[in-house]
Amino acid sequence: MSDASRDAERSSDTVFGAIVRGEIPADIVYEDERCLAFRDLNPQAPTHVLVIPRAGISGLQEADQADPSLLGHLMQAAQIVARQEGLEDDGWRVVVNVGEDAGQTVAHLHLHVLGGRKLSWPPG
Ligand code: 5GP
């Protein structure tokens with residue numbers, strides 16, 4: 001088995017893999033053939049949406065093994081979500097936590113789309 005397919009298998013085992021497969025519910029706000037966006041269970045801002053690929057990739061630590069067009073697609077989906085959520089005028093943030101020090105808890109790539117309040121910088 002290649003490293004890429006092993007990673008795909010691992011990330012499909014996560015809770016986000018179960019959401020992609022429809023095995024557990026999620027409050028889905030956007031979806032298309034390549035990705036899914038749903039509200040975070042533990043929101044850190046008035047709008048807190050997670051954008052994830054349907055395909056399993058464990059995180060940006062595997063970006064060099066992913067289809068670059070998929071990574072771009074996720075960024076465009078984040079913008080679509082931000083527009084839908086009415087964040088375009090005041091601004092919004094995309095966060096990707098990578099690995100332990102960054103606090104990544106789910107090994108399935110996800111973009112946090114945050115907005116609806118003033119976001120401090122630098123992040124903690
Ligand atoms: P991370 O810390 O890996 O960057 O982000 C994982 C995020 O997933 C967290 O913000 C957490 O609240 C969210 N989360 C974990 N499990 C679930 C779930 O079952 N459903 C939803 N909607 N969000 C989840």
Side-chain angles (χ1 to χ4, degrees):
M1 187 187 282
S2 71
D3 285 351
S5 50
R6 212 175 354 259
D7 291 335
E9 190 172 82
R10 196 187 314 134
S11 63
S12 69
D13 285 343
T14 69
V15 65
F16 292 172
I19 288 173
V20 169
R21 294 191 298 274
E23 293 167 3
I24 64 169
D27 185 357
I28 294 170
V29 298
Y30 174 80
E31 62 182 313
D32 61 31
E33 71 289 355
R34 304 186 83 181
C35 73
L36 204 60
F38 52 90
R39 296 195 191 284
D40 197 291
L41 210 53
N42 182 24
Q44 302 301 311
T47 293
H48 187 173
V49 171
L50 302 171
V51 179
I52 71 170
R54 291 185 186 275
I57 160 174
S58 58
L60 274 190
Q61 53 274 69
E62 310 293 346
D64 59 352
Q65 295 170 44
D67 176 353
S69 75
L70 175 62
L71 301 180
H73 187 89
L74 297 174
M75 296 293 273
Q76 288 193 323
Q79 187 227 344
I80 291 168
V81 167
R83 184 192 299 146
Q84 271 182 199
E85 295 289 317
L87 301 176
E88 280 197 318
D89 287 347
D90 290 336
W92 48 286
R93 183 174 291 170
V94 171
V95 173
V96 181
N97 294 320
V98 184
E100 194 178 336
D101 274 4
Q104 182 180 2
T105 58
V106 180
H108 184 129
L109 176 60
H110 49 285
L111 279 57
H112 297 257
V113 177
L114 296 150
R117 67 169 169 82
K118 195 86 180 163
L119 298 166
S120 60
W121 190 264

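Basis for what follows: all heavy atoms, side chains included, without hydrogens, waters or symmetry-related copies. Order of appearance sets the numbers: ligands from 1, and atoms from 1 within every ligand. Since the model is a prediction, treat every value here as computed from it, not as a measurement.
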J.: With sequence neighbours left out, what residues match Ala77 under side chain to side chain contact (heavy atoms under 4.5 Å, CB included)?
T.: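 For Ala77, the residues satisfying side chain to side chain contact (heavy atoms under 4.5 Å, CB included) (neighbours in sequence not counted) are Tyr30, Cys35, Val51.
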
J.: For ligand 1, what N or O to protein N or O distances fall under 3.5 Å?
T.:
{"from": "ligand 1", "atom 1": "2 (O)", "to": "Gly103", "atom 2": "O", "distance (Å)": "2.9"}
{"from": "ligand 1", "atom 1": "2 (O)", "to": "Thr105", "atom 2": "OG1", "distance (Å)": "3.2"}
{"from": "ligand 1", "atom 1": "3 (O)", "to": "Thr105", "atom 2": "N", "distance (Å)": "2.7"}
{"from": "ligand 1", "atom 1": "3 (O)", "to": "Thr105", "atom 2": "OG1", "distance (Å)": "3.1"}
{"from": "ligand 1", "atom 1": "3 (O)", "to": "Val106", "atom 2": "N", "distance (Å)": "3.2"}
{"from": "ligand 1", "atom 1": "3 (O)", "to": "His110", "atom 2": "NE2", "distance (Å)": "2.8"}
{"from": "ligand 1", "atom 1": "4 (O)", "to": "Asn97", "atom 2": "ND2", "distance (Å)": "2.8"}
{"from": "ligand 1", "atom 1": "4 (O)", "to": "His110", "atom 2": "NE2", "distance (Å)": "2.9"}
{"from": "ligand 1", "atom 1": "4 (O)", "to": "His112", "atom 2": "NE2", "distance (Å)": "2.8"}
{"from": "ligand 1", "atom 1": "5 (O)", "to": "His110", "atom 2": "NE2", "distance (Å)": "3.0"}
{"from": "ligand 1", "atom 1": "5 (O)", "to": "His112", "atom 2": "NE2", "distance (Å)": "3.3"}
{"from": "ligand 1", "atom 1": "10 (O)", "to": "Asp40", "atom 2": "OD1", "distance (Å)": "3.2"}
{"from": "ligand 1", "atom 1": "10 (O)", "to": "Asp40", "atom 2": "OD2", "distance (Å)": "2.5"}
{"from": "ligand 1", "atom 1": "12 (O)", "to": "Asp40", "atom 2": "OD1", "distance (Å)": "2.5"}
{"from": "ligand 1", "atom 1": "22 (N)", "to": "Arg39", "atom 2": "O", "distance (Å)": "2.9"}
{"from": "ligand 1", "atom 1": "22 (N)", "to": "Leu41", "atom 2": "N", "distance (Å)": "3.4"}
{"from": "ligand 1", "atom 1": "23 (N)", "to": "Leu41", "atom 2": "N", "distance (Å)": "3.3"}

J.: Tell me whether the count of non-hydrogen atoms from other residues, nucleotides or ligands lying under 6.0 Å of CG in Asp27 goes above 12.
T.: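 Yes, the 6.0 Å shell around CG holds more than 12 heavy atoms from other groups.
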
J.: Using the test salt bridge (charged side-chain N to carboxylate O under 4.0 Å, His left out), find all partners of Asp67 that sit at least two apart in sequence or belong to another chain.
T.: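 Once residues adjacent in sequence are excluded, the partners of Asp67 under the salt bridge (charged side-chain N to carboxylate O under 4.0 Å, His left out) criterion are Arg34.
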
J.: Using a 4.5 Å cut-off on heavy atoms from C-beta on, say whether the side chain of Leu71 contacts that of Leu109.
T.: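 A side-chain contact under 4.5 Å exists here.
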
J.: For His112, check side-chain hydrogen bond (donor to acceptor under 3.5 Å, both in side chains) against everything at least two apart and list the hits.
T.: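 Once residues adjacent in sequence are excluded, the partners of His112 under the side-chain hydrogen bond (donor to acceptor under 3.5 Å, both in side chains) criterion are His48.
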
J.: For the pair Glu31 (side chain) and Leu36 (backbone), establish whether a donor and an acceptor sit closer than 3.5 Å, ignoring hydrogens and angles.
T.: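 Side chain of Glu31 to backbone of Leu36, a donor-acceptor pair under 3.5 Å: no, none is there.
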
